2 protein chains.
Amino acid sequence: MAASSSASPATLHDVARDAGVSLATASRSLNGSTRKVNEDYRQRVLAAAARLNYSPNFSAQAVAKGSTSTVALLVSDIADPYFSSIAAGVIRAAEAQGLIVTMAVTERSTERELELVRALRGQRPRVMILTGSRSDGSTSQAALIAELTAFARTGGRVVLISQEGLPFGTVVVDNYLGARALANSLVAAGYRRFAAVCGERALVTSRDRLAGFADGLAEHGIAIHPDHVVRGEFTRDGGFEAAAALIAGGLDQVELVFAVSDVMAIGAMSALREAGIDVPGDIAVAGFDDIDTARDVTPALTTVNIPLADLGRRAVELALSDATDVTDVTDQVIRVETRVILRASSPPR
Amino acid sequence: MAASSSASPATLHDVARDAGVSLATASRSLNGSTRKVNEDYRQRVLAAAARLNYSPNFSAQAVAKGSTSTVALLVSDIADPYFSSIAAGVIRAAEAQGLIVTMAVTERSTERELELVRALRGQRPRVMILTGSRSDGSTSQAALIAELTAFARTGGRVVLISQEGLPFGTVVVDNYLGARALANSLVAAGYRRFAAVCGERALVTSRDRLAGFADGLAEHGIAIHPDHVVRGEFTRDGGFEAAAALIAGGLDQVELVFAVSDVMAIGAMSALREAGIDVPGDIAVAGFDDIDTARDVTPALTTVNIPLADLGRRAVELALSDATDVTDVTDQVIRVETRVILRASSPPR
DNA sequence: TTCCGCGCGGAATGCGCTTGCCCGCGGGCG
DNA sequence: CGCCCGCGGGCAAGCGCATTCCGCGCGGAA
């Protein structure tokens with residue numbers, strides 16, 4: 001006692017000595033290998049481990065067996081409910097398999113994403129899950145793919161969430177179809193004049209949703225006036241600012257504002273409220289994602305449901321499923337369904 | 001090419017051979033040790049590394065130098081904005097120091113928390129950050145402390161967020177004072193009759209906030225009727241149900257419902273709304289935490305601000321600050337300030 | 001010209017652990 | 001009664017890397 005300051009952790013060697021057995025036996029007792037070990041010995045080892053408060057060194061184990069049991073997860077912004085829900089799904093599924101999750105945040109920068117992938121590769125994770133919308137036209141895109149490919153070729157599994165077309169396992173949301181269905185529902189509810197709050201032009205997700213929505217409207221001969229399509233960051237504040245711009249530009253007869261994500265929709269609602277515009281009295285709003293808070297804002301937000309936690313869960317399942325030591329089953333695609341949810345923010349007209 | 005399937009990653013050895021230098025030189029070139037290495041050689045090594053797409057094996061590095069550069073973070077529920085904001089702060093601060101964050105989720109179970117701490121110890125993280133309210137009276141509490149102590153004694157740093165009294169570095173929020181200040185502000189705003197929506201009795205955070213609030217009211221000779229203190233899970237749904245119970249029990253002349261957390265407050269607001277009770281027309285609401293969505297609900301939620309991301313940031317700073325190889329500077333306490341934020345959910349009466 | 005010291009590359013050691021392999025022992029079968 | 005086989009303990013060889021120490025070569029001082 002007392003000497004306290006910073007001893008080093010007990011090693012397997014210590015345990016073995018304390019139990020009076022060999023290293024091999026200690027190792028085999030503690031994580032049951034294929035080999036059996038005499039129950040007496042096993043108990044002795046377990047007791048010694050407990051006595052010494054032994055905790056196996058994962059790094060050493062990883063080095064020795066040449067594989068880890070970690071999952072690396074890359075998200076744009078963990079404070080964003082969209083990502084945190086997905087992360088929750090990933091973590092839950094991973095922990096169920098005894099895997100540990102390491103997480104990194106790109107802050108929506110593709111350069112940073114590349115850096116992080118490079119860094120995470122050093123962990124030799126079993127699985128690497130990337131989420132967040134791809135931006136095409138990014139210069140680091142090619143480098144990213146190269147890095148991921150290198151990782152995959154050395155036995156790593158890559159799964160992308162919500163971004164199609166890359167040669168890896170993928171869990172996608174049908175943004176286009178979901179948005180189109182939403183548009184149809186809204187037209188059926190009596191809306192005719194729309195505005196849209198979008199993310200930056202390069203963001204595939206934003207673009208797909210806008211396209212789906214526009215096409216849905218087009219089926220009914222309705223178009224969104226170009227002036228009524230505004231853009232901002234793919235965040236709550238981006239939605240706020242875009243909506244503010246929209247208001248400043250004059251919303252004419254706009255009846256409903258479609259925001260390409262719930263967080264943007266919520267920002268937009270705040271902007272409308274601040275401008276003294278009543279939602280849904282003066283103008284209706286709809287979003288996309290069905291994040292938890294969508295039902296808690298007032299009026300509750302009409303949106304398109306995505307089973308977010310499921311996205312995460314299925315991503316790890318997809319990653320782990322591959323017993324198939326494959327050439328290119330690697331680019332499997334799981335498509336999850338969306339569902340239009342009409343709430344008070346878009347009452348029937 | 002083509003052979004594709006699962007080669008093993010390039011090792012430092014490969015790089016050294018490819019560059020025609022020794023292992024030592026390669027190592028020194030790639031992560032600049034104290035020793036200098038001839039610029040020519042260095043370039044050769046760098047080139048070889050790039051050519052082979054080399055990525056250093058962190059596990060091996062960890063084993064070799066006997067220390068890792070990871071931070072382990074334990075939260076109750078990553079989808080809860082309270083925790084995800086803290087996590088965001090932790091991750092940002094950790095990444096700024098070149099540390100990798102591994103995350104685990106306790107799902108509010110103390111047994112699970114213990115298991116996870118045990119597991120995470122195997123990672124030999126530099127720092128372990130636990131967040132989430134302590135529940136006293138838990139049987140695993142002692143075992144948890146033992147585990148953490150063992151970890152700390154072997155050189156690990158433990159930091160607790162928002163839970164006082166344990167012999168480790170701690171970042172605390174003054175829940176009591178914050179709630180008391182809130183009570184004072186609300187009384188000043190003209191409120192006199194209160195109800196409270198709380199978490200389970202054992203949750204220290206919930207208890208402190210309720211106590212502070214009650215004492216704040218007591219300063220003005222006001223008390224909360226025991227029937228008007230309801231309990232539920234420390235979640236959005238818990239708040240919803242507790243408020244529903246409150247409503248069912250009859251709210252008499254209650255003017256304001258204080259929920260001990262914003263998520264519970266938001267649940268409570270939903271319950272009130274569903275019961276046809278107008279907020280704040282019929283009844284006002286206040287919460288605690290100032291999560292992002294507090295300002296986006298309607299009416300915007302009166303609450304007590306906690307700089308959540310800062311909590312995370314300061315936790316890692318505290319953990320890393322200790323150059324002091326100490327006996328028990330380890331139980332340092334950083335106290336962060338709270339700030340009452342009055343919003344539309346509690347207009348002056 | 002000789003010697004010493006310094007700068008820097010390389011061989012070797014070790015980190016904590018897993019696992020292939022050898023070997024001793026006991027039991028079943030011929 | 002002897003042989004063979006299988007069970008299971010232990011030895012030791014790594015896993016990929018950092019780091020210590022050794023030694024070589026070169027430059028400057030005497």
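All figures in this text were calculated on a predicted structure; none of them were measured in a lab. Chain letters run A, B, ... following the sequence lines, proteins first, then strands; residues in each count from 1.
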Could you tell me how far apart [X] ([atom1]) and [N] ([atom2]) are, to the nearest whole angstrom?
X	N	atom1	atom2	value
R42(A)	dG9(D)	CZ	P	11 Å
L30(A)	dT19(C)	CG	P	14 Å
D14(A)	dG16(C)	CG	P	8 Å
Q61(B)	dT19(D)	CD	C1'	13 Å
R28(A)	dG8(D)	CZ	P	11 Å

Starting the side chain at C-beta, find the nucleotide from [options] nearest to [X].
X	options	result
A64(A)	dC11(D), dC17(C), dA11(C)	dC17(C)
Y41(B)	dC17(D), dG9(D), dG9(C)	dG9(C)
N57(B)	dG16(D), dG9(D), dA18(D)	dG16(D)
N31(A)	dG16(D), dG9(C), dT18(C)	dT18(C)

* R92(B), CZ atom: more than 12 neighbouring heavy atoms under 6.0 Å -> no

* Asked: DNA chain D: L23(A) or K36(A), which has the more 5' nearest nucleotide?
  -> K36(A)

* Structure fact -> For T68(B) and S59(A), the nearest pair of non-hydrogen atoms, with its separation, is CG2-OG, 4.2 Å

* Pick base, sugar-phosphate or nothing for Y54(A), based on heavy-atom distances below 4.0 Å to the nucleic acid. => sugar-phosphate

* To do: Name the nucleic acid region contacted by V63(B), choosing base, sugar-phosphate or nothing; use a 4.0 angstrom heavy-atom cut-off, strictly under.
  => base

* Please tell me which of R35(A) and H13(A) maps to the more 5' nucleotide of DNA chain C, matching each residue to the nucleotide holding its nearest heavy atom. => H13(A)

* Structure fact -> Whichever of S27(A) and N38(B) has the more 5' nearest nucleotide on DNA chain C, that residue is N38(B)

